[in-house]
**Q** 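This is the structure I have questions about; it appears just below.
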Amino acid sequence: MQGWPRLWLALCGAPPLLLLVGRLLSPEGPGLALRLAGAAACVLLLPGALVVRSLGAPRSVGVALAAALAWSLALVFAVFAVVFAVSGTLGLAVGLLGGTMVAAFGLSFRSAAPALDRAEIWAVVALLVAGAALAGALWWATGTIGGSLGPSVSDALFHLARVRKLDDAGALGSISVVNEISGEHVHPGYAFPLWHGGLALIARLAGVDPTLVVLYLPAILAPLAVLLAYAAGTALFRSWAGGIAAAAGQLALLAFAREGTGSLQFLAQPGGAARLLLIPAMLALVFAFVAEGGLSLLGAAAASGFALAVVHPTYVVFVVLPVCGFLLARAILSDGADTRLLLGGLGAVVVPAGLFFAWLVQFLEDTRYRPPVRFTQQVEELSTGLQLRPEQMAWGGGVKVAAFVAVPLALLASGRRWAAYVLGGTAALAITALVPPVFDRFVDAVSLPQAVRVASFLPLPFALAGAAALAGRARGLGAASALAAGIGFELAYRHPATGAAWAVWLAALAATGGLALFVGLRPFTLDETAPGSWTALAAAVFTLPVAVTGFAGYERWDKPDPYGLTPGLTRALDEDIPPLATVLAPSVTSYRIAGYAPVRIVVAPAGHVAFKMEDEYRERFRAARLFFLEASTTPAQRTAILRRYDVGWVVVDKTRGRPSLPPGLKLEYGDERYSLYRVGRKEQA
């Protein structure tokens, strides 16, 4: 059925209706879920969906969702660019986004929607049911930020601090308004707060505190993550069954193998969103463009590349590398087929991302600095340079080992696009990670903390999906073999630290050696039978043992935060301190203060700051230690610290010491654990 204007009207009206119903209920339980679902759809999907319909929607539901997400984030970027340019507020951002949607809604009726494939509709419905189950598991498990994700190592509070300032700081005069450290440089990884801005819009539309968005939005976004993984698989395999297999592979590697929901709990953070939403969306659009062509898909791919570059810049590099390998492998394995379209899709991603990088370079620090101790588990130093440890690349339990073992199977279907992506992508990233001179140059380009993540971008979900496609050719026997393989690998490698370096080398050598061999030989290829229901079944039964193992130790993340703020202090921070005022407190306390109040702090735990100079951070850490923990510090020295960092407020954690404070500090709030002091103007001068 083409056109379906009534269905289109229903789809456009559903997110605002969900939001309205949720706003009529209390912001907890079902009411909170409806608020977040409606607000998230209004910000992350509906604006782009209107653009996609105006330009001509793709035939695949999953690819259409990928395009909607890409265009939505591009529009949110434009909205915040205007807001920062005119020193507007978050309310202005809401108005601009709403006005844009109204205009796009009128244009969306100019073109008819494509016919819907019945098999894909059922596949999407099945995945939505699975995604809803994951959403329920995430929702049930969610407790507290600090207690759930670690008292000092989680990035959740870092991102919450930025979202809160966009929500509560008032006039947004520049991108630096989100900085939580007084005098801090712009963080190069999050220079333009696109994802943080999206979360702030969701919080404002939902009428809830940003803390609830950071905590519970992952559950809302989990079904979308499943559908986008499906979209990438559908576009690459040209089959709904291949899409289901790719989604199953993604969940097996990134969710089920890591305590049931794994990386899905980080969907509200830029890194998690980029990894689980933006990259699958970008791949789906590039793969669909290679298969179908069309300016609308090319434009959506460009929007996705730009959005990914803004949300998490280094991840564009990580995903472009396997796409370049795909291009090379496809040229070798298919006599140049798809080369022109692949070059076009790659260019659509790289050019807008490159324009953003040209602007970003002013904020970049020297990436050649290499922490000597922190990454020794991931990296080893050989006589020829640094190398990512193969055994570390195999971290992730039996399913990770199985995925590496599945890579050589792509040689059996080397004429297929999916095989070219698996072989070419694996070869490109394996050479980057395992060849010391190459890895050294890569580290210099993106920094060591980022470079150690490169193994996470290997096309392993597609390798598992390809193996399922091969197993599906044997029908029942293939499905039984897939189940046996799933059980066998889980029993053989029950601990995440598999130590299976052999599997990494097997995949790397098979991919690179196979491509080199096919340069002079005609590659072996199977017939063109598209993956069908047996492929989906093989992927599902292989994933089942992984899911059972992962959820066996599943528990609620509700441990109390040992450094958590008391409700009274949180209320006092919000009511008494003006936005963007500077607060001095111990490091871990400061980190939480920035998350729960729109203020600036002097210091935070290492790893959550953006100082270009290591000495600058050490000096601030030393100043906080002198102020709170050194009994020999004189009142004059403490006063000098307050003046140096223009501190207006001081918070004392009595469990960590009771410093002798300088005169002129007025107690504004106190409880059994914390005291809040206002610094007089004389001490600030």
Side-chain angles (χ1 to χ4, degrees), residues 144-147 151-152 157-158 160-161 164-165 167-170 179-184 209-211 560-605 608-609 619-685:
T144 60
I145 289 180
S152 61
L157 288 165
F158 172 85
L160 175 60
R164 188 172 298 282
K165 288 178 180 61
D167 189 38
D168 294 340
N179 293 352
E180 71 276 14
I181 306 289
S182 61
E184 180 186 27
D209 188 87
T211 305
D561 182 355
Y563 300 102
L565 308 181
T566 58
L569 176 62
T570 303
R571 187 166 52 252
L573 291 169
D574 183 56
E575 295 175 355
D576 296 342
I577 303 180
L580 306 185
T582 302
V583 180
L584 175 65
S587 175
V588 292
T589 305
S590 292
Y591 190 38
R592 283 145 182 81
I593 288 173
Y596 295 109
V599 299
R600 302 204 193 284
I601 55 179
V602 175
V603 68
H608 304 295
V609 291
E619 181 60 31
R620 287 175 176 253
F621 187 84
R622 180 174 177 273
R625 182 174 182 83
L626 284 174
F627 193 95
F628 292 105
L629 302 178
E630 297 291 341
S632 60
T633 306
T634 65
Q637 288 175 314
R638 290 191 170 95
T639 299
I641 291 171
L642 298 178
R643 291 176 178 175
R644 185 188 314 160
Y645 298 109
D646 194 26
V647 175
W649 300 78
V650 174
V651 173
V652 175
D653 181 352
K654 300 169 188 175
T655 66
R656 310 192 72 207
R658 298 172 182 261
S660 177
L661 300 177
L665 271 64
K666 180 182 178 182
L667 180 65
E668 296 288 346
Y669 170 81
D671 57 33
E672 292 184 357
R673 178 164 184 174
Y674 294 106
S675 296
L676 171 65
Y677 296 89
R678 183 198 301 267
V679 179
R681 294 184 179 180
K682 181 178 179 181
E683 282 67 28
Q684 288 180 284

**Q** Determine whether Lys165 and Leu580 satisfy the following criterion, side-chain contact (heavy atoms from CB on, under 4.5 Å), listing intermediate values before the conclusion.
**A** CA-CA 8 Å; Lys165 288 178 180 61; Leu580 306 185; 4.1 Å; yes

**Q** Would you say the side chain of Val588 lies within less than 4.5 Å of the side chain of Pro605, judging by non-hydrogen atoms?
**A**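 Pro605 reaches Val588 side chain to side chain.
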
**Q** For Tyr669, look at atom OH and say whether over 12 heavy atoms of other residues, nucleotides or ligands are found less than 6.0 Å away.
**A**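 More than 12 within 6.0 Å, yes.
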
**Q** So, does Arg164 use its side chain to make a donor-acceptor pair with the main chain of Gly595 at under 3.5 Å?
**A**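 Flag set: sc Arg164 to bb Gly595 pair under 3.5 Å.
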
**Q** With rounding to the nearest 0.5 angstrom, report the CD1 to CG distance, Ile593 to Leu569.
**A**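 That separation rounds to 6.0 Å.
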
**Q** Distance check, rounded to the nearest 0.5 Å: Asp167 atom CG versus Leu160 atom CG?
**A**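 Answer rounded to 0.5 Å: 10.0 Å.
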
**Q** A side-chain contact here means heavy atoms from C-beta on lying under 4.5 Å apart; do Ile641 and Val647 qualify?
**A**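 No - every pair of side-chain heavy atoms lies 4.5 Å or more apart.
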
**Q** What distance do Phe621 atom CZ and Leu626 atom CG have between them, rounded to the nearest 0.5 Å?
**A**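 Phe621 atom CZ to Leu626 atom CG measures 10.5 Å (nearest 0.5 Å).
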
**Q** Start with the C-alpha gap between Leu565 and Leu573, add the side-chain angles, then the distance that decides, and say whether side-chain contact (heavy atoms from CB on, under 4.5 Å) holds.
**A** CA-CA 10 Å; Leu565 308 181; Leu573 291 169; 4.0 Å; yes

**Q** Output yes when a side-chain donor or acceptor of Lys666 lies under 3.5 Å from a complementary backbone atom of Tyr677, and no otherwise.
**A**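 No.
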
**Q** How close do Pro635 and Pro662 get, counting heavy atoms only, and between which atoms?
**A**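 Taking Pro635 first and Pro662 second, the nearest heavy atoms are O-CB, 3.7 Å.
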
**Q** Grab the two heavy atoms, one from Glu180 and one from Ala161, that are nearest each other, plus how far apart they are.
**A**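 So the minimum-distance heavy-atom pair works out to CB-CB, 4.2 Å.
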
**Q** With rounding to the nearest 0.5 Å, note down the distance linking CG in Asp653 to CZ in Arg658.
**A**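 Asp653 atom CG to Arg658 atom CZ measures 10.0 Å (nearest 0.5 Å).
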
**Q** Of the non-hydrogen atoms in Ala585 and Val603, which two are nearest, and what is the gap between them?
**A**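 The answer is O-CG1, 4.2 Å.
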
**Q** Of all heavy-atom pairs between Ile181 and Arg620, which one has the smallest distance, and what is that distance?
**A**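 Between these two residues, the closest heavy atoms are CG2-NH1, 3.5 Å.
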
**Q** Okay, side chain of Lys654, backbone of Asp671: is any donor-acceptor separation there less than 3.5 Å?
**A**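 Present.
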
**Q** Using atom types as modelled and distance alone, determine if a side-chain donor or acceptor of Arg625 lies under 3.5 Å from a backbone N or O of Glu630.
**A**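 No; judged by distance alone, with no hydrogens or angles, the pair does not exist.
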
**Q** Rounded to the nearest 0.5 Å, how far does OG1 of Thr570 lie from CD of Glu575?
**A**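 Between atom CD of Glu575 and atom OG1 of Thr570 there are 11.0 Å.
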
**Q** How close do Glu619 and Tyr645 get, heavy atom to heavy atom, and via which atoms?
**A**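 Answer, listing the atom of Glu619 first, then Tyr645: CG-OH, 3.8 Å.
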
**Q** Are the side chains of Tyr596 and Asp574 in contact, using a 4.5 Å heavy-atom criterion?
**A**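 No - every pair of side-chain heavy atoms lies 4.5 Å or more apart.
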
**Q** Could you please spell out the steps behind the side-chain contact (heavy atoms from CB on, under 4.5 Å) verdict for Val679 and Leu584?
**A** CA-CA 10 Å; Val679 179; Leu584 175 65; over 6 Å; no

**Q** How many angstroms lie between atom CZ of Arg571 and atom OG1 of Thr566, to the nearest 0.5 angstrom?
**A**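 Taking CZ in Arg571 and OG1 in Thr566, the distance rounds to 8.5 Å.
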
**Q** Between Arg638 and Thr633 (side chain of the first, backbone of the second, donor and acceptor by atom type, cut-off under 3.5 Å), is there such a pair?
**A**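 The answer is yes, because a donor-acceptor pair under 3.5 Å joins these two groups.
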
**Q** As a quick check of understanding, evaluate side-chain contact (heavy atoms from CB on, under 4.5 Å) for Ser590 and Val602, giving each step before the final call.
**A** CA-CA 8 Å; Ser590 292; Val602 175; over 6 Å; no

**Q** Over all heavy atoms of both residues, which pair between Leu676 and Ala572 is shortest? Give the atoms and the distance, please.
**A**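 Residues Leu676 and Ala572, closest heavy atoms: CD2-CB, 4.0 Å.
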
**Q** Taking the side chain as everything from C-beta on, heavy atoms only, tell me whether Asp576 gets closer than 4.5 Å to Trp649.
**A**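 SC-SC contact between Asp576 and Trp649 confirmed.
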
